[in-house]
Structures are given as C-alpha cells and as structure tokens.
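Reading through the structure tokens given below for one structure.
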Amino acid sequence: MSKQIHVGPVAVGGGAPVSIQSMCNTPTQDVRATVDQILALEKAGCQIIRVAVPDMDAARAISAIKAEIHIPLVADIHFDYRLALECAARGIDKIRINPGNIGSHDRVRAVADACRERGIPIRIGVNGGSLEKDLLAKYGGVTAEALVESAMGHVHLLEDCGFDHICISVKCSRVAVNMAAYQMLHEQTQYPLHLGVTEAGNPAMGELKSAIGIGGLLCLGIGDTLRVSLTADPVEEIYAAKRILTAAGIRQTGPNLISCPTCGRTKYDMIPIAREVERRLQNCTKPITVAVMGCVVNGPGEASAADVGIAGGVGEGLVFSKGKILYKVPQERLVDALMEEIDKL
Ligand code: SF4
C-alpha cells in the first residue's frame with residue numbers, strides 16, 4: 001500500500017478513496033473568474049484543484065482564492081522557487097514543482113523547508129514533453145524508463161532535504177508508455193501516485209485514452225488520485241473522471257447508468273432519452289444503478305440489477321425496479337417519472 005499524504009483535508013494514498021482533481025484554465029490572477037470556475041468544479045465533484053502560478057501576481061492571488069473555495073488548492077510552478085515560497089506563505093495546500101528544475105540545492109532546501117513547516121505536500125510531475133535532454137539521449141526518446149528515472153531523480157533531491165511528503169506523476173500522451181511508467185514506478189516507490197494521460201485531446205478520444213490509461217491502472221491497484229486532461233471546460237474532466245471511476249468499479253461517485261444497445265424490438269426513440277437521463281444525472285451523487293432500456297418485453301428483466309429503470313414501448317413505457325414493473329406512463333412522461341423515482345431513493 002502507498003504512503004498516505006494529506007492535501008489539505010483530503011487524504012491521498014494509503015488506502016484513501018481515489019480522489020478527483022482538475023486544473024483551472026482561467027488566469028490565476030483573475031480571482032473572480034478562477035473562484036467561479038472552482039465553485040463550478042466543486043459542484044461537479046472535484047476534490048482537489050490546481051491553478052497555474054507562472055508569476056508573482058498569480059502567487060499573490062492564492063490567499064484571495066483560498067478564502068472563497070472549499071477544496072484544497074494546488075499551485076503549479078515550473079522554474080521559479082520564489083513562487084513556491086510565496087504560495088506556501090499564502091496558504092497553498094500542495095505545490096507541484098520539479099526540484100531538479102529550480103536550480104541550486106539551497107533553493108530546493110528552501111522550498112522543502114517551507115513546505116515541511118506548513119505540512120504542504122509536493123507533487124513531482126514529470127511530463128513526456130519536458131524530459132531532461134540527457135535522459136532522452138540515454139533512452140533514445142520518451143520511454144517509461146526515462147520517465148521513471150526522471151521522477152526518481154527529483155524525488156531524491158527532496159529526500160536529500162529530509163522531505164518525504166511527496167506524490168508523483170509520470171504523464172505521457174502515449175497511453176502504453178504512460179501505463180508502463182506508472183507500473184514501474186509502483187514497483188519502485190511507496191509514494192502515492194497521481195494518474196493522468198497528458199494532452200489526451202478532445203473529450204471523446206481524451207476520455208477513451210484516460211479510461212484505458214487511468215482506469216486500467218486503477219484496476220491493477222495502481223494509483224491514488226487522478227486528473228483526466230481534456231481540451232474542454234474543466235467541468236467535463238470531472239464528469240469523465242467520475243465515469244472512469246464508476247466504469248472501473250473503483251468508486252461509485254454517482255449513479256451507474258446502464259442502457260441497452262437497442263435492437264429490432266425497440267419501438268421508441270431511445271437514444272436521445274438515454275442521453276437526456278445521463279445529462280440529468282450528471283450532478284447526482286446517489287450510488288445507484290439506473291437503467292434505460294429499449295423494449296418493455298425484455299428491458300425490465302435484462303436490467304434486473306437496476307434500482308430503478310425505464311423501458312419504452314409504443315406511446316407508453318414502464319417504470320421498473322429490480323426487474324419488477326412499478327407502473328406505466330405515457331411516453332412523454334417517462335424521463336420525468338424516472339427522475340421522480342430517483343428522488344425517492
Ligand atoms: S432490452 Fe429489448 S430493445 Fe434493448 S437490446 Fe434487449 S431486447 Fe433489444
């Protein structure tokens with residue numbers, strides 16, 4: 001089992017539930033826009049949120065943002081150790097920084113000391129796109145071995161400063177390399193692992209890559225927290241993360257929607273209805289199974305595992321629970337009736 005760290009009040013690793021993260025795409029110094037985005041992400045189910053801190057204006061915004069949000073805040077810092085010190089002083093909950101990129105040992109020690117004093121963990125975030133040149137030359141490109149060697153090099157720099165409140169990510173846009181790297185890291189270290197497939201792309205393909213790359217590792221018992229990276233509104237990342245956790249059977253963060261593929265027995269326009277049910281359930285947190293089925297003859301039986309479900313017919317449909325029919329409703333009332341039954345659960 002991995003070592004446990006705490007990001008604010010959220011436990012990561014050591015058997016804690018896998019937590020969902022995202023990253024704002026607002027300018028961090030625009031406190032209003034950033035807070036509004038974080039509040040929307042909280043509502044969707046985000047548990048840890050990261051902001052870019054490219055300069056001192058962004059670092060100085062940390063305390064004002066923290067004052068208005070309810071989930072732990074992470075500062076993403078690339079090269080300037082002074083930004084890390086400023087964020088630490090302003091109450092940040094975690095810092096993502098690679099100590100090998102910030103210069104002298106004194107700077108690394110200054111960051112490690114500031115974080116240790118305040119109980120702030122550090123994420124080492126290695127990315128395939130920014131691997132050290134010597135490792136690229138040694139391994140002939142971005143490989144799992146190169147990602148892991150880079151990450152462990154940064155880890156050792158922090159450990160040399162007596163700092164071990166660490167989590168690690170080794171992200172790459174090639175899913176197979178990504179997965180191999182995390183598997184190697186899992187063998188080599190007890191630190192909790194932050195999973196992600198970087199530059200995963202637009203929502204459809206990005207979620208698919210993440211489902212394989214993140215969900216596959218979670219099914220192997222690897223990974224403690226995750227971010228799905230999508231070229232989209234960050235709220236979409238949270239919905240995708242919840243779907244991946246549910247699909248992998250790791251943590252049901254809301255309803256598990258099951259629906260049949262439709263077939264020649266389907267007598268109503270079911271596909272838009274299934275989509276509408278999915279849309280209405282996006283913010284529901286009940287760990288239930290909901291079914292949308294294509295026919296009244298086989299639907300209730302095929303979805304007998306569902307806590308509640310609907311099956312459409314000609315002009316009217318059925319609402320059912322655990323395979324038993326509850327009542328009939330006119331077709332146009334089907335989705336509303338389903339929602340009413342879910343409200344009662
Ligand atoms: S539930 Fe009915 S419509 Fe859906 S796949 Fe089964 S038989 Fe076909």
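As the structure lists them, so they are numbered: ligands from 1, and atoms in each ligand from 1.
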- Item | Ionic contact status for K171 with E199, cut-off 4.0 Å | no
- Message: Is it true that N256 and T246 share a donor-acceptor pair across their side chains at a distance under 3.5 Å?
- Response: no
- Would you say the side-chain atoms of Y327 and E341 include a donor-acceptor pair closer than 3.5 Å? yes
- Note on the structure: Protein-side N, O or S atoms sitting under 2.8 Å from atom 8 (Fe) of ligand 1 are C263 SG
- Query: So, the side chain of D76 versus the backbone of V51: is there a donor-acceptor pair under 3.5 Å, distance only?
  - Reply: no
- Heavy atoms of other groups near K286 NZ, more than 12 under 6.0 Å: yes
- Whether S321 side chain and D307 backbone form a donor-acceptor pair below 3.5 Å: yes
